[in-house]
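Down below is the structure, laid out as structure tokens.
Only heavy atoms go into these numbers, but all of them, side chains included; no hydrogens, no water, no symmetry mates. Note that the numbering runs from 1 along the sequence shown for the chain.
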Amino acid sequence: MERRLTAILSADVVGYSHLMGEDEGGTLERLKAYRRELVDPTIEEFHGRIIKLMGDGALVEFASVVDAVHCAAVVQRKMANRDQEVSDTRRIQFRIGVNLGDVIVEGDDIYGDGVNIAARLQGIAQPGGICVSGTAFDHAAHKVDVGFSALGEQQLKNITDPVRVYRVLLDPSKAGKVVAAPRAGRRAMILAALVALLITATMISVVWQWPFAPQRPTIAVLPFLNLSGDPGQDYFTDGITDNLITDLARLSHLDVISRNSVFVYKGKPVVLADIKRDLGVRFVVEGSAQRTGDQIRVNAQLIDAASGDHLWANRFGRGGADVFAVQDELSRQIAEALGLTLTPSEAERIARPPTANLEAYDYYLRAVQATRTGRRSRMLEGLALFDKAEALDPGFAEAFAADAHATAYVWRSAYDDVLQSALARKRAYDKASLALALDPELSSPYAVLAVMQVVDRRYEQAITSARKAVSLGPADADAHMAFAYVQLVSGNHAEAAAAVETALKHDPNLSAIGRYTAGLVFYLQRDYVKAIENFERARDGSPGNGEFVTPLAMAYVRAGRLDDARAAVAEGIRLQAGRDCLAGWRLGHAHFRKQDLAFILDGLREAGLPEWPFGFKADERDRLNGDQIASTVMGKLLRGKTEPSGSPAIMQIGLDGNAAFRSATQLMTETVSINGDMLCEQSENAFGQADCGPVYRRANSPDETIYAYVNSTKVFYFSPVK
């Protein structure tokens, strides 16, 4: 048994019993024909999976909400044109409900509230119509050629909490429109006026629609000011801000801008108009914190970004041990000021302290501040601080989750001087698993697992983890970007792009890594304008990082900007000291689909990126074949030097392939093998992938080395030692 987040389509036939009573045989034949000619092919076209067929309906699962709504719209539009000659009382019509929700999977069947809500939505849909839940609407709005009419929150049978419901507008002229659920009094008044108008002037055509749907409240929590007079207390003040963002993001009816975007404003004057424009928010929280000895003082205020009005303000003064109570009161009072009613689970979640050990909490805050810099030295410091926090409180789930996130970054960035690849990989998996064992409702460990699983080519597990991350953290931009990356690697480019757009809604200032992922998504979608925009923002967000310069080249090539592409390649190679090459891209993206990787490599090749590092080239007539490589290196000690410094290096290779390589900058144990006419090294580096390359005889060697071996990371000139 497993749980997963998925899109569910439920459909039934309107008046099925009546139709069967009128003409059982004819109804069945017509229904079979509809399924054979229309319904089943459409479901297959949009990648749906039929879970079960009933006499009067079907339950269908989709990996994509967009596909589910699109499929439903195609079916209903085509059904509207069928059986025009049949009387209204005998015409077959479907009602369809679509929901995105958590389901329980058991064998080939699924069940749970995710399925139940879809079925209830289908029940309230009009004949020939479609109703979707709010979760489905959030993902499908403006991505399908339909409109939506908000029906407000509906109490569905046997569903505990009210569900936001939208009716799909199938008329092509309504595509892209969102019609609001009106206020009762105004709606009654306008409808009465319309009725009177139609009675007295039936020849007048009246066109009227409700204003755009009211948006969920959007809020930005600006970095609190540190009034302690000690810059060393910044980590504590930042922690107050972080926890308030986290608590508010747990509220189901509030959209909260992520930390990454709001911390752009740290230390800057507050200009509400700029914040409202840049972040697209209605409300802003600003405040300050002061920690003096065992006392803390926190001031906070809620501001309407449009008018500048102060809607709420309060001051809290407590002992240091009451920091969690202060944070709880802050979140509750802001929610009340926004008119939000907390569900019991939301109230319980906010009130639950992350740890009862204040010393552990202090280490945790310091660790988070250190690891968010991304700098190697601070990463090492941060991981050590996480260890201290976890030792003081082995039940501190948030510490394990943040540790996993930081360690996965070390692993993906190949910071071997912080943690060797294999150790980083194991630590990230272990810490994420511990965090989830302590608190299964955290989203970030699932996001970490999703990215690591997809790099490990465990695609189905990665998609499951990414969906879970998004379901638990609907306002977590990192969760949506993890989902985008998993869908990108899996070849689902449209889903990846939709996830990027959702992430940008919560974090308009994505990190450089996030922008790089977004650039890849749009590049493979062939949207080169957006690809260039995101790659450029990745480059600008990480100055001097060649890894975020070279990707621009492939997008420039596709946009016809060949000179810019070649300049980007040259700059990327310079910043990476000559190491950037096609072989490195091939190895680092080996978990991508073959056709997607080929499209990336073709663009970089056309931009002038060389095949091997340090611009290595050789005469193919001097290349050794597989047998020659084996007789030259297997069971031998190879002594020589590496590019670009010419520093001494040795490689010891046993007859069984067990080997060790040592240079001035590298020491690694590995396995060596021959694959075709390539010499391959496989170690804990390069995500465990084999790094292969050719071996050449040096006809006119300027020194005593008589062979050259090149792969994605090095050029090794060597001679076997006799």
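The backbone N or O of Ala538 lies less than 3.5 Å from no partner atom in the side chain of Ser542, so there is not a single donor-acceptor pair.
Checking Asn226 against Asp234 by side-chain atom types alone, a donor-acceptor pair falls below 3.5 Å.
Every side chain to side chain contact (heavy atoms under 4.5 Å, CB included) that Gln301 has, sequence neighbours left out, goes to Glu286, Ile303, His310, Ala313. The side-chain hydrogen bond (donor to acceptor under 3.5 Å, both in side chains) check on Arg164 picks up Asp138, Tyr166, with sequence neighbours excluded. In this structure Tyr364 satisfies the side-chain hydrogen bond (donor to acceptor under 3.5 Å, both in side chains) test with no other residue, sequence neighbours excluded. With sequence neighbours excluded, no residue forms a side-chain hydrogen bond (donor to acceptor under 3.5 Å, both in side chains) with Gln290. With sequence neighbours left out, the side chain to side chain contact (heavy atoms under 4.5 Å, CB included) criterion links Val451 to Arg412, Ala482, Tyr485. Legend: residues meeting ring pair (Phe, Tyr, Trp, His ring centres under 6.0 Å) with Tyr516, ordered by chain and number and at least two apart, are Phe548. Remark: Leu338 pairs with Ile219, Leu254, Phe283, Leu302, Ile334, Leu340 by the side chain to side chain contact (heavy atoms under 4.5 Å, CB included) rule, at least two apart or across chains. Under the ring pair (Phe, Tyr, Trp, His ring centres under 6.0 Å) criterion, Phe400 pairs with no residue at all, not counting sequence neighbours. Under the side chain to side chain contact (heavy atoms under 4.5 Å, CB included) criterion, Thr355 pairs with Phe324, Asn357, Ala360, Tyr361, Asp393, Phe396, not counting sequence neighbours.
Sequence neighbours left out, the pairs with a member in residues 502-522 that pass salt bridge (charged side-chain N to carboxylate O under 4.0 Å, His left out) are Asp255-Lys505. Listed by first and then second residue, the ring pair (Phe, Tyr, Trp, His ring centres under 6.0 Å) pairs that reach into residues 228-252 come to none, sequence neighbours excluded.
Between Ala447 and Asp478, the shortest heavy-atom distance links the atoms CB-O, 4.3 Å.
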Report all side-chain donor-acceptor pairs from residues 385-392 shorter than 3.5 Å, counting only partners two or more places apart or in another chain.
residue, atom, partner, partner atom, Å
Asp387, OD1, Arg427, NH1, 3.4
Asp387, OD1, Arg427, NH2, 3.2
Glu390, OE1, Lys431, NZ, 2.7

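Using a 4.0 Å cut-off between a side-chain N of Lys or Arg and a carboxylate O of Asp or Glu, Arg378 and Glu381 qualify as a salt bridge.
Using cut-offs of 30° and 60° for the angle between ring planes, the Trp312 and Phe316 rings count as tilted.
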